[in-house]
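Quick caveat: nothing in here was measured; it's all calculated off a predicted structure. Letters go in sequence order (proteins before strands), and every chain restarts at 1.
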Amino acid sequence: MTSSAANSNRSLSKIATKRLQKELVEWQVNPPAGFKRKVSDNLQRWIIEVNGAPGTLYENERFELQVDFPEQYPMEAPQVIFLHSAPLHPHIYSNGHICLDILYDSWSPAMTVSSVCISILSMLSSSTVKQQPEDNDRYVKNCRNGRSPKETRWWFHDDKV
Amino acid sequence: MDLRLEMTQARCSDLAATSSFYRLVYSEIEECGWERLIWLSDDLSCLSFRIMDKKKRGHILEIRLDKSYPSCPPSIAADVPHIFNLKWSTNSRLKDVLRQFSEHLEKLQGFWDSLENIDKCLSVVGLEQQSHANSYRQINIGNDCCLILNIDANDPRSLPECRFMGSDHLVNSFRNKWRRNNKKWSKDQPLSVNLAIILETRLPGPRDAERDDQKFECGICYAQFLPTDEGFGDKSGCRTDYTCENANCGRAFHSICVGEWLQSITTTRRSYDFLFGNCPYCSEPVSVRINTKCE
């Protein structure tokens with residue numbers, strides 16, 4: 001596999017490729033409820049449709065997640081962001097970055113794309129207000145150079161939402 | 001009649017006194033039989049019924065009633081591969097929905113029989129979580145290869161759509177056999193027999209899978225064998241060689257994978273050649289020796 005010059009990610013390691021193939025099969029056989037992976041041959045970038053769960057603030061809303069896998073997946077967490085337009089949520093920035101510990105410090109190879117998706121949906125579902133994070137504008141401005149959320153030093157100070 | 005059902009019925013009966021919509025729903029449930037109702041929302045607009053088919057497989061039918069019911073037909077959902085077109089007229093009632101659903105279930109008996117044959121005779125991945133709606137089966141066919149079948153609900157005994165996953169070499173060989181032999185597919189044979197004929201091999205049974213899965217597959221890279229790669233030194237291509245010592249966990253790993261994981265996080269402690277950290281699954285302490293020659 002060769003990676004194009006435009007693609008800043010290095011191509012997946014053998015271990016990452018094999019593991020992702022298995023995750024993809026598992027996903028196709030048993031996808032998490034409320035999610036749909038857009039058909040694509042790109043194993044390294046998954047685009048996943050999310051449907052807001054019924055009975056929550058996001059009911060009938062549809063979003064898109066972009067999941068990029070690093071060369072050393074699953075030793076390293078995937079990068080997960082919402083594509084435009086991101087849900088209004090106290091832990092989701094308007095540039096799509098998500099403040100959720102398992103995507104950064106608390107990642108473990110025992111997690112999967114599927115379990116990450118479920119965590120994100122559960123984060124949406126438990127929200128009681130539709131509003132941006134308090135520091136949204138400052139944060140988004142700091143990310144203008146295309147910084148990855150994985151380079152952010154996150155504070156997970158609130159686990160209620 | 002159990003207590004929960006009695007309470008539902010009582011609540012519904014109280015409501016029936018207050019509006020014509022409630023009265024209608026109450027009487028229509030009565031016709032269907034309270035023992036088949038398993039859930040009812042507070043405003044009586046959502047109902048779930050449990051319906052048994054001829055082979056005693058239980059199915060849940062969810063019905064949603066619009067406020068304009070019965071002039072507007074109810075919407076329905078169920079654990080079936082495809083839902084039927086509800087025939088609805090002004091005289092239709094809930095019992096007609098249940099009857100049409102039962103008829104639909106009968107048409108699908110062959111579909112579920114085919115799937116049951118697969119589940120009983122072959123090594124199916126994730127068997128515990130299958131719903132009646134799922135027409136896909138992932139089947140281990142040995143050597144880290146698997147086959148994904150999609151059974152056609154309308155013609156379940158026909159040659160199913162199929163995909164192979166695994167190493168290129170094996171997958172190609174299976175694909176060739178599939179292409180060469182698929183004319184031998186016979187609708188009179190059970191699916192598991194057809195597969196064995198087409199793939200020219202004895203396929204692993206369900207028992208073989210239990211041994212295979214979590215005991216031998218690495219909880220990190222998901223493979224039984226490491227890739228062959230010089231970087232892994234003498235561990236190249238090796239089987240899982242480390243098991244979490246917590247008896248309740250017992251996940252298998254490649255020591256290389258655990259080592260790489262522990263080296264990638266900051267909480268790991270190191271002493272001489274050993275890394276000390278926690279099992280990614282159960283969080284109990286684990287330690288592995290790392291190959292210092294590779295560094």
Side-chain angles (χ1 to χ4, degrees), chain A residues 1 10-37 39 41 43 51 53-55 59-60 69-79 101-116 118 150-151 153-154, chain B residues 41 46 64 124-131 134-140 144 146-150 163-167 171 217-229 231-232 236 244 249 251 253-254 256-267 277-283:
Chain A
M1 201 195 289
R10 295 188 47 196
S11 63
L12 295 169
S13 71
K14 273 189 193 172
I15 284 185
T17 306
K18 273 198 139 188
R19 162 147 171 167
L20 274 173
Q21 281 169 342
K22 290 210 173 182
E23 281 199 54
L24 181 56
V25 170
E26 177 56 30
W27 178 289
Q28 280 161 341
V29 174
N30 190 19
F35 295 90
K36 203 176 157 204
R37 177 183 181 271
V39 178
D41 286 337
L43 198 59
N51 286 304
E59 178 166 13
N60 295 327
F69 298 95
E71 180 193 4
Q72 298 303 340
Y73 182 78
M75 311 305 167
E76 229 183 275
Q79 175 193 293
D101 58 351
I102 58 159
L103 296 177
Y104 314 104
D105 301 0
S106 304
W107 165 257
S108 129
M111 295 169 191
T112 62
V113 190
S114 186
S115 73
V116 165
I118 292 168
K150 290 173 77 177
E151 290 160 35
R153 195 176 283 265
W154 294 96
Chain B
S41 68
C46 299
R64 230 172 235 270
V124 176
V125 179
L127 193 57
E128 314 75 38
Q129 314 139 358
Q130 300 297 356
S131 92
N134 190 358
S135 62
Y136 285 91
R137 284 294 185 274
Q138 183 188 349
I139 300 164
N140 284 319
D144 270 343
C146 65
L147 164 68
I148 300 168
L149 292 180
N150 183 12
R163 283 176 52 203
F164 293 98
M165 309 281 288
S167 70
V171 164
E217 232 169 51
C218 170
I220 293 177
C221 73
Y222 287 8
Q224 192 178 344
F225 299 95
L226 271 180
T228 40
D229 190 305
F232 298 130
S236 168
C244 174
C249 173
R251 281 300 299 228
F253 300 100
H254 297 111
I256 293 251
C257 292
V258 178
E260 274 192 37
W261 161 240
L262 292 180
Q263 277 175 306
S264 75
I265 50 175
T266 52
T267 51
N278 303 91
C279 170
Y281 283 83
C282 69
S283 301

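Taking B/Ser135, B/Ser167, B/Cys221 one by one and counting their heavy-atom pairs under 4.5 Å with chain A, the maximum is reached by B/Cys221. The most heavy-atom pairs under 4.5 Å with chain B, out of A/Met111, A/Gln28, A/Glu23, come from A/Gln28. Ranked by non-hydrogen atom pairs under 4.5 Å with chain A, the options B/Cys146, B/Cys257, B/Gly219 are led by B/Cys257. Chosen from A/Val29, A/Asp105, A/Leu24, A/Leu20, the residue pairing most often with chain B at heavy-atom distances under 4.5 Å is A/Val29.
Here the CG atom belonging to A/Leu12 is positioned 9.5 Å from the CD atom belonging to A/Gln21, to the nearest 0.5 angstrom.
There is no contact between B/Leu262 and chain A, counting heavy-atom distances below 4.5 Å. Using a 4.5 Å cut-off between heavy atoms, B/Ile220 touches chain A through backbone and side chain atoms alike. Proximity to chain B is limited to the side chain of A/Gln72, based on heavy atoms less than 4.5 angstrom apart.
Ring geometry for A/Trp27 versus A/Phe35: interplanar angle over 60°, hence perpendicular rather than tilted (30 to 60°).
Under the 4.5 Å side-chain criterion, counting only non-hydrogen atoms from C-beta, A/Leu43 is not in contact with A/Phe69. The side-chain heavy atoms of B/Cys244 and B/Tyr281, taken from C-beta on, include no pair separated by under 4.5 Å.
With hydrogens and angles disregarded, no donor-acceptor distance shorter than 3.5 Å links the side chain of B/Glu260 to the backbone of B/Ile256.
Comment: A/Lys22 does not engage A/Glu26 in a salt bridge, judged by the lack of any side-chain N to carboxylate O separation of less than 4.0 angstrom.
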